[in-house]
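Below: the structure, in structure tokens.
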Amino acid sequence: MQDGPIVSLGEGLMELNQTRGSDQSYMPGFGGDTSNTAVAAARQGSKAAFISAVGADTFGDDMLAMWRREGVDTTHVRQVADAPTGIYFVSHGEEGHRFAYYRAGSAASRMTPADLPLDAIRSAGIFHCSAISQAISASACDSVFAALEAAREAGVATSYDTNLRLKLWPLARARAIIAGTVPYADILLPGLDDARLLTGLDDADAVVDLYLEQGVKVIALTMGHEGVLVATPDARRRIPPHRVEAVDATGAGDAFDGCFLARLQLGDDPFAAAEYANTAAALSTTGYGAVAPIPRAEDVRKAMPA
Ligand SMILES: O=C(O)C(=O)C[C@H](O)[C@H](O)CO
């Protein structure tokens with residue numbers, strides 16, 4: 001893996017998160033899967049950078065301030081005057097959390113391949129993107145492919161989270177695009193529920209086999225209460241769940257991604273990186289919001305099994 005920051009591409013969102021027991025109170029925060037991943041990596045001590053756009057509005061200012069506080073490089077976050085920053089609401093019910101999006105036409109959704117900072121992508125240590133970055137618009141989807149191509153041509157390790165959001169695009173389109181993107185990924189970060197819908201396979205090992213056959217070098221399949229299945233073409237291991245009192249799982253997968261990539265870049269093997277990220281992701285569910293409860297390295301170390 002070459003030296004350089006973890007560079008991720010996508011959309012940051014303002015978050016309004018319903019706090020339990022109060023139907024009408026929404027706590028402000030930040031979200032957006034690849035942004036959450038960048039923050040998680042930065043909180044573990046990695047160099048992280050984000051490629052995106054926000055509106056020239058209060059929320060855009062707030063997002064930029066958040067990334068800068070977190071040490072995420074915002075050189076390639078454009079602030080544009082003619083489109084807003086996206087927003088989403090999180091509410092909680094019996095079946096877990098639900099998202100309501102107000103992001104159509106957002107600044108990030110208008111990104112095009114011509115906007116890409118190709119030099120930053122080519123000099124990344126790892127380039128990370130997700131299916132949400134592809135679902136927000138056709139031009140953002142084109143941008144993801146162009147960025148992945150640039151990263152691969154430059155020998156940069158590529159990472160892809162298949163994050164499936166059916167409120168953003170229909171399943172048939174998601175299936176086609178995601179299947180076409182997996183072969184670009186060196187590191188694949190799917191969740192089992194999404195992978196079942198995307199592949200039609202039920203069994204976690206079968207999902208891993210399918211993706212490895214497509215050339216993926218490292219896969220960490222997150223399985224919620226069943227832990228994580230980590231595999232390379234030569235070895236695979238199940239990591240048990242880390243039990244916590246969870247209040248909000250929003251962004252747990254993104255915290256996993258950021259911590260996993262950070263640890264890989266610091267030299268961990270994929271199994272050690274996944275054990276670390278598994279603990280960190282569990283800790284991130286003990287508070288409300290996608291970003292605020294992401295733990296820092298010292299908290300993860302304290303909570304890790306001896
Ligand atoms: O769902 C999305 O589009 C988001 O990016 C918002 C959340 O922060 C994200 O899904 C959490 O994984």
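Positions are given from 1, in the same order as the sequence printed here. Note that ligands are numbered from 1 as they come in the structure, with each ligand's atoms numbered from 1 the same way.
Atom CG of D82 has more than 12 neighbouring heavy atoms from other residues, nucleotides or ligands inside a 6.0 Å radius.
With a 4.0 Å heavy-atom cut-off, ligand 1 is reached by no atom of E15.
Partners of Y276 under the ring-ring contact (aromatic ring centres under 6.0 Å, His included) rule, at least two apart in sequence or in another chain, do not exist in this structure.
The closest approach between any non-hydrogen atom of Y101 and ligand 1 is below 4.0 Å. Using a 4.0 angstrom heavy-atom cutoff, G253 does not count as in contact with ligand 1.
In terms of polar-atom proximity, defined here as any N/O pair under 3.5 Å, N163 makes no such contact with ligand 1. Looking at ligand 1, you'll find an N or O of G32 within less than 3.5 Å of one of its N or O atoms. Below 3.5 Å of separation, one finds no N or O of T250 facing any N or O of ligand 1.
At least one donor-acceptor pair closer than 3.5 Å links the side chain of N36 to the backbone N or O of G32. Remark: side-chain polar atoms of E11 are not paired, donor with acceptor, to backbone N or O of I136 under 3.5 angstrom.
When each of F59, F89, Y88 is paired with Y102, the ring pair (Phe, Tyr, Trp, His ring centres under 6.0 Å) condition holds for F89 and for no other.
Of the protein's non-hydrogen atoms, the one nearest atom 7 (C) of ligand 1 is Y88 OH, 3.3 Å.
Annotation: side-chain hydrogen bond (donor to acceptor under 3.5 Å, both in side chains) contacts involving residues 55-66, sequence neighbours excluded, comprise D57-T85, D61-Q79.
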